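Let me begin by presenting the structure, written as structure tokens, before commenting on it.
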Amino acid sequence: MTRGSPYAPHTEAETAAMLDAVGAADEESLFDIPEDVRFDGEFGLEERSERDATTLLSSTLAKNKKLTEFLGRGHHSHYVPSLVNDLSRRSEFLTSYTQYQPEITQGFLQVLFEYQSMLVELTGLPVANCSMYDAATALAEAARLSNRVRQASGHRILVPEILHDGKRSVLDNYVAGTDLTVETYPMDDGNVDVDALSDLADDEVSMVYAENPTVRGTIEERLTEIGELADEVDALFCLGTDIVALGLLQEPASVGADVVVGEAGALGMPNAYGMGLGLFATREEFLRQVPGRLVGASEDAGGKRAYTLTLQTREQHIRKERATSNICTNQAWVALRTAMHVAYLGPDGLVDLAKQCVTDAESLAAELSELRGVRAPVHDRHHFREFVVHTDQPAKAIASDLESEGFAVHVVSEHKLQVCVSDLNAPKVDQLVAAFEEVL
Amino acid sequence: MTRGSPYAPHTEAETAAMLDAVGAADEESLFDIPEDVRFDGEFGLEERSERDATTLLSSTLAKNKKLTEFLGRGHHSHYVPSLVNDLSRRSEFLTSYTQYQPEITQGFLQVLFEYQSMLVELTGLPVANCSMYDAATALAEAARLSNRVRQASGHRILVPEILHDGKRSVLDNYVAGTDLTVETYPMDDGNVDVDALSDLADDEVSMVYAENPTVRGTIEERLTEIGELADEVDALFCLGTDIVALGLLQEPASVGADVVVGEAGALGMPNAYGMGLGLFATREEFLRQVPGRLVGASEDAGGKRAYTLTLQTREQHIRKERATSNICTNQAWVALRTAMHVAYLGPDGLVDLAKQCVTDAESLAAELSELRGVRAPVHDRHHFREFVVHTDQPAKAIASDLESEGFAVHVVSEHKLQVCVSDLNAPKVDQLVAAFEEVL
Amino acid sequence: RYEPLLSEKNAAREEIDDSPLPDELTRDAVELPGLSEPELARHYTRLSQMNWSVESGPYPLGSCTMKYNPSFTEDVAADPNAAIHPDRSPRTSQGTLELLYELQDYLARIGGMDAVTLQPPAGAAGEFTGILVAKAYHESNGDDRSEVVIPASAHGTNFASAAMAGYDVVELPSGDDGRVDMEALDAALSEDTAALMLTNPNTVGLFERDIVEIAEMVHDVGGLLYYDGANLNALLGRGRPGDMGFDIMHYNVHKTFATPHGGGGPGAGPVGVVSELEPFLPNPRVREKGGNYRLEDAEDSIGKVHGYTGNWFVLVKAYAYIARLGDAGLSDASAKAVLNANYLAEQLDYEVPYEPFHHEFAATAGDRDAADVAKRMLDYGVHPPTTKWPEFVPEAMLTEPTEIENRDSLDDLAHAFNAAMADSDEELENAPSRTTARRIDQVGAARDPQLSWQALDDE
Amino acid sequence: RYEPLLSEKNAAREEIDDSPLPDELTRDAVELPGLSEPELARHYTRLSQMNWSVESGPYPLGSCTMKYNPSFTEDVAADPNAAIHPDRSPRTSQGTLELLYELQDYLARIGGMDAVTLQPPAGAAGEFTGILVAKAYHESNGDDRSEVVIPASAHGTNFASAAMAGYDVVELPSGDDGRVDMEALDAALSEDTAALMLTNPNTVGLFERDIVEIAEMVHDVGGLLYYDGANLNALLGRGRPGDMGFDIMHYNVHKTFATPHGGGGPGAGPVGVVSELEPFLPNPRVREKGGNYRLEDAEDSIGKVHGYTGNWFVLVKAYAYIARLGDAGLSDASAKAVLNANYLAEQLDYEVPYEPFHHEFAATAGDRDAADVAKRMLDYGVHPPTTKWPEFVPEAMLTEPTEIENRDSLDDLAHAFNAAMADSDEELENAPSRTTARRIDQVGAARDPQLSWQALDDE
């Protein structure tokens, strides 16, 4: 094995000639680092051949147990067509960077423009950025947006009492440097307790956040009321959702959503240990307060349509501490994969997939309810992909036993599990039901 | 699922409009097939989603037992760098065809030109074609070439008595339509019995074929004599080898080879169940008798260097039954992968790999010889990658037991095994030796 | 755009020293490009961008069936479980054997054949195999036949393959209607006829309507009828060679079953036969008994036409394609292929002398040079059709859009055809000008062959 | 070249009927492009060919470290065993946890830090996390500090991240030598200073030679020293932030550790800290005991900065890169990155005001407009450097070739620099002309934002 980087092309002769050209005796003399902070180069890290490095990684990863996962709660995936993997891996996409020179990066810009357009269609809102890190940071950025755009002095952010821990914690951190405070409102059988929310809403509210579907998989029935309620107190209505749900559930704009956030990585990505793609869409009037990058259509000197990053004066590299966000490197390549997946599905495919998320969950819940000591869904609501299950026996023990049988489900509380079904695990629901029966 | 090809883009409306444009009532009416030979379309083949088709294939293939293979005898593979897989899969390469329009296929033409050039370097012969199917058909085409180029009336093809069955059978079929006959000459301790060959050689010989390394892995020591011997009787000397061996063993041109054939797929391809890449190189004087495609450098109308298929008048699509071969679709994409792999290795990497083929075989043979009832190598020769092992116990039983332990080796005869080691299985030689010890 | 040769980027030399072998058994040195991974990645990425492909745009090469190659078939072929050595025991390669067995069955059903070998690594190799099988059959009957009859319009490989098998080729002139001339056929057939090789639909897309009679005539003289599968994409679900009286056929899986053409290959050319000919198929064949698969040699077999079992990975992809499409998909593929050809022809300002065609048609460039028209089409951003073939159509432009084009891309293609035809002679002769390379001097290339970078260095 | 929008190819509409939900809970319809797989394959293939990338050629964006991204790292990230849900039990995700644990360790060694979190999904998120950790630390000491000091030349994200965390930013003017002005620093630091954020080498590639003194000054006022890891590729094996007195740092794995930039992301911005700050790192962290890995929450943690564990697949690729290179490879990467920058600068007909630089340098376009020069460079077939930044260098062209360029490509790059500079003002203003698009009207794009195909339709 050569000692050195396999990705630095220099032959010895070339290195010597280049050192000569710059008048340096050796490479070390190019480093202007005082002796007292010089490091000897010994990290104690082994170098390996490509094959050995590959083997190391694959044998480490093989320690993950092979499980059929019925897990969701904010991180979802569906079958990713081969085309998405194949085309997204093309080096022109994968190894490019932010489109600072649009004249030679029209390809990626157009993909991002198309991604934005897909979100505009799905949310009904006219402005979608070309990616945030994930649903949690998108929600947190929405809260900060509400702080920037409100004329009113509102500082209260109202969120559901049942909310994914990660989202809540990220939100807390993102508002820590502002005068915003986060408060919860109660839930009623899985969904927003609209009356309670109404009681909490006042002019001090900057933003009301609700989810559809909720983290427990229930589908909200009173979104329009929530939207009106927020509107009445001049608060933003921020709706959390995911890209598949958008294909079937009420269009966010139609229920008065001012901002839509959520996970777009549910399409385009396999299960990614939580790696996501934050979707972010909003109304035209907030355009110049939007965090993240925006791609716009324009013309080139020849009068041809061309795409470019636009409204960059919102961004940190120009506006520094007065930027709308600190985000720079984003999730563009995930957005590209998601756009490809949406395009692959087409409107019929997307709608079908979303319908399946409703029907598969419904039928699995019904099947589980047939078992002694099991009741599902716990909430008397419609569900999307997932639902909560009551178990007479301790939920933790059941989940642990199911794990030994090769299935993973969520433990929600002492006697509650949560089960998520999608096209990926749907072929194994019968086996899951059988395993439940086995372990009960 | 839609009923129809997922790869035909037609919407129903589009189909209707197009039928209208051609004045047809329906698709069926476009088929001018008499009733008596019409087929009802029912093959009884199921249609599947991409995912189901993928699952079907992968579950079928999973029935292949996971084995560490110490197999060779003409089909070899080495670690294929990720770069080869990645770049060769680029659709511009993978989904293009023969370069009938060179002005828009310069990329592939240049790759093939570079492939030819690599073979020219490695064989020392000035003409290499841009692929044959495999080593067996390359050998067979060499025999037919000898029949075309000889002024003499020779019709005898002399081949080693120990020769891979597939090669021999293909050769027999390829010469069946000619006046050529195939005869064997004896071997001496694995290598050519040069004296016996000398006795057989006369003016009736059209071609003498020898291999280096031989199918048993031995390295020939008297190639120059064989070359001279063929030359004396005006026969072609055809040398069989493989692309890794060419990196270390005697240069074919230097020992008088007139044609070099063999496997080039030993680089660029994983174990491919025998799928190969026939290398074929020869002398300048036989240029117009070469089978297969040739890429040449030329100029375009602007005077820039450009590449094109050349000397196509040798080929079947122009010369029909007087073509030098019937080959049309060849193994171009495998040649591309092989060229990439050679380029990845570079001269140092190729030489190192070839040296390893000698040293690994030598040390494994020594280790096996330490075991009671085992002697290796059987032939008192230098070896390349593989060698024959004598076992006191029946070879077949040992191989079968080894298989149960997860290792595959060849059975050569009642008390002989053959073992092949390469960079791929080298990390497991200790386990192989332990398994041998176990089963003996 | 210009990309230097690897050798121009960095020529390196490695001396053979510290060799584990005696000096006289080794070469002195190896001179090859010595480049790093990033340099290679750029080299091949740039070269790829200088190459037209199915994913670039229309690729209507007549008789080549340039379909879209589904990327999932690449994934399944890359399955590590598929990467096995051919000399494994059957016991440890049941997955591979099962897949091959089922593919034999799929192809038999699709062609209406009784038995199939997957060994031939390309269409031409399939032809050669089929003719060897015919020869073995006749010989087994003590029947010494010397001729293979082939229409003048047939693919060049038919002639070459028959000749390779040692047969004299009897060329059959095309009939006025573009089909087999029945009188000429009658005259050509004799007791010496080993086989008639036919493509159906033929190379201008016409169905040989007299196929049943043709089969009878061939069989009457004791000959066999061979089907060249290059045009099978026209027939899927509408007609099967076996039902038409063909005794032997080959399949081009890289045409009909969408395996990638790979810049020239690899393809695969499985051969199907009626049961009478099965004993002569190449060894070994995959057999099944009680869910157990094994390789079996037959005594009367012609032996082998490939060192091992053919182009395995290609066969995997073909299997995947068929498993994906099933009856409905395959039938639809043909329907749309034929519809596309008809729609495209309708949009062209070219005469199409022979009708009704199926998946492909031969337009004629009339008094223009078809090759020049094709070069000009390059400037309009498409790949042109096959030109000047088949020869009985003057200045032929043999066009096969396949089922993968939509109406828009067919309209684009038609525009390129028509615009090129409307351009001046000078524009045609100077074409192409918007391509990576301008018109390439092919005569010069053949006159002074430079086949390696070493040859360029010697200049 | 022009590729229509997906919506221009085929706009389809799917009505929601036969819905399993009550009508009032669903939308009416979805309108999206409805295209087949071959059409999509061509669309994205063509678009990809209209995009510059590291595999296209030199990409010397200063401060972006556009390295070659080894393809094997994509393979390992695509391992099916890596595709797991984050809510699995630790018992069933030992592989993932082990990998994360080891990557924490790798990064700690490389940065000279005591503890590392992998959670921040990008460099800026790392900055924000680091500043939150600093804040938590100060608060745990009952220490209420309101300012973060940042050199004017720092990356814009530093300012934004500090502001997001609620700090007032104190901007430090650059010294005459391009480094920190020690007097200005002394003036800026106070009991209000929560942290000083520094890049070292700084954004013109200069090493802050007074770093030990700087650290002492910051620590003397009770502040913390933050290291912006964007320029770490200059230092590998030659210096570690931890050894220089930095308390907190982030790593840009998409820069230093060669994970692909993906057209803008995803990256990852792990944060390392000295042991005193460890309790405040985000939850959860991976811990090991007896070869068993688990996730652990700490009481004093700032909580989370990402919904889950950050950009997992990116982390896998970074791990793979480090595992491949090891000590020798990493050190060599820096050596060659610095050599390349120095060699390239030597070939340029540009003034480079600040020296000695390391992996990047800021040339000045003098009396020319750096942005115009950059556009003209496009015509010479390379990607230009970062322009007009950092601002204290007039008409800056911040250039970072990285270690992956060889001498030839550096010479090509130099040629593009020099040729563009030698061209007339008119040529510069009209540039580029040889690219997919000519100069794009960015002012117009911002004046009348059209951010979707729907907006275009409304025109």
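Everything numeric in this text was worked out from a predicted model, so none of it was measured. The sequence lines fix the lettering, A, B, ..., with proteins before strands; numbering per chain opens at 1.
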Can you tell which part of [X] gets under 4.5 Å to a heavy atom of chain C, answering side chain, backbone, both or neither?
X       : answer
L87(B)  : side chain
L345(B) : neither
T95(B)  : both
L56(B)  : side chain
T54(B)  : both
V120(B) : both
T15(B)  : both
E69(B)  : side chain
D172(B) : neither
R90(B)  : side chain
A135(B) : neither
T137(B) : side chain
E27(B)  : side chain
S400(B) : both

Counting heavy-atom pairs under 4.5 Å with chain C, which one of [options] comes out on top?
options                           : result
L71(B), I318(B), V22(B)           : L71(B)
G302(B), A323(B), A136(B), G23(B) : G302(B)
E220(B), E315(B), H317(B), E28(B) : E28(B)
A306(B), A343(B), G346(B)         : A343(B)
S96(B), G44(B), G177(B)           : S96(B)
T98(B), V37(B), N173(B)           : N173(B)

Give the ring-plane orientation class for [X] versus [Y], where under 30° counts as parallel, over 60° as perpendicular and anything between as tilted.
X       : Y       : answer
H254(C) : H261(C) : perpendicular
H410(B) : H85(C)  : perpendicular
F93(B)  : Y44(C)  : perpendicular

Charged N to carboxylate O below 4.0 Å: is that the case for [X] and [Y]?
X       : Y       : value
D36(B)  : R209(C) : no
R438(C) : E103(B) : no
K304(B) : E299(B) : no
E403(C) : K336(C) : no
E403(B) : R91(C)  : yes
R407(C) : E14(B)  : no

cation_pi(R238(C), F31(B)) dist<6.0 Å, angle<=45: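 Yes, R238(C) sits over the ring of F31(B).
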Heavy-atom neighbours of D32(B) CG exceed 12 at 6.0 Å: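 Yes, because the 6.0 Å sphere around CG of D32(B) holds more than 12 heavy atoms from other groups.
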Distance flag, aromatic centroids of Y97(B) and Y59(C), threshold under 6.0 Å: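 No, too far apart.
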pair M275(B)-Y308(C): side-chain heavy atoms closer than 4.5 Å: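 When only atoms from C-beta onward are counted, Y308(C) and M275(B) do not touch, as no gap falls below 4.5 Å.
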Validation row: K65(B), I84(C) side chains within 4.5 angstrom (heavy atoms):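 In short, these two side chains do not touch, never coming nearer than 4.5 Å.
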For [X], is it the side chain, the backbone, both or neither that has a heavy atom under 4.5 Å from a heavy atom of chain B?
X       : answer
Y343(C) : both
H306(C) : both
D243(C) : both
I211(C) : side chain

Most heavy-atom pairs under 4.5 angstrom with chain B, which of [options]?
options                   : answer
S93(C), S53(C), G326(C)   : S53(C)
A445(C), A122(C), A163(C) : A445(C)
G95(C), G166(C), G156(C)  : G95(C)
T435(C), L21(C), L206(C)  : L21(C)

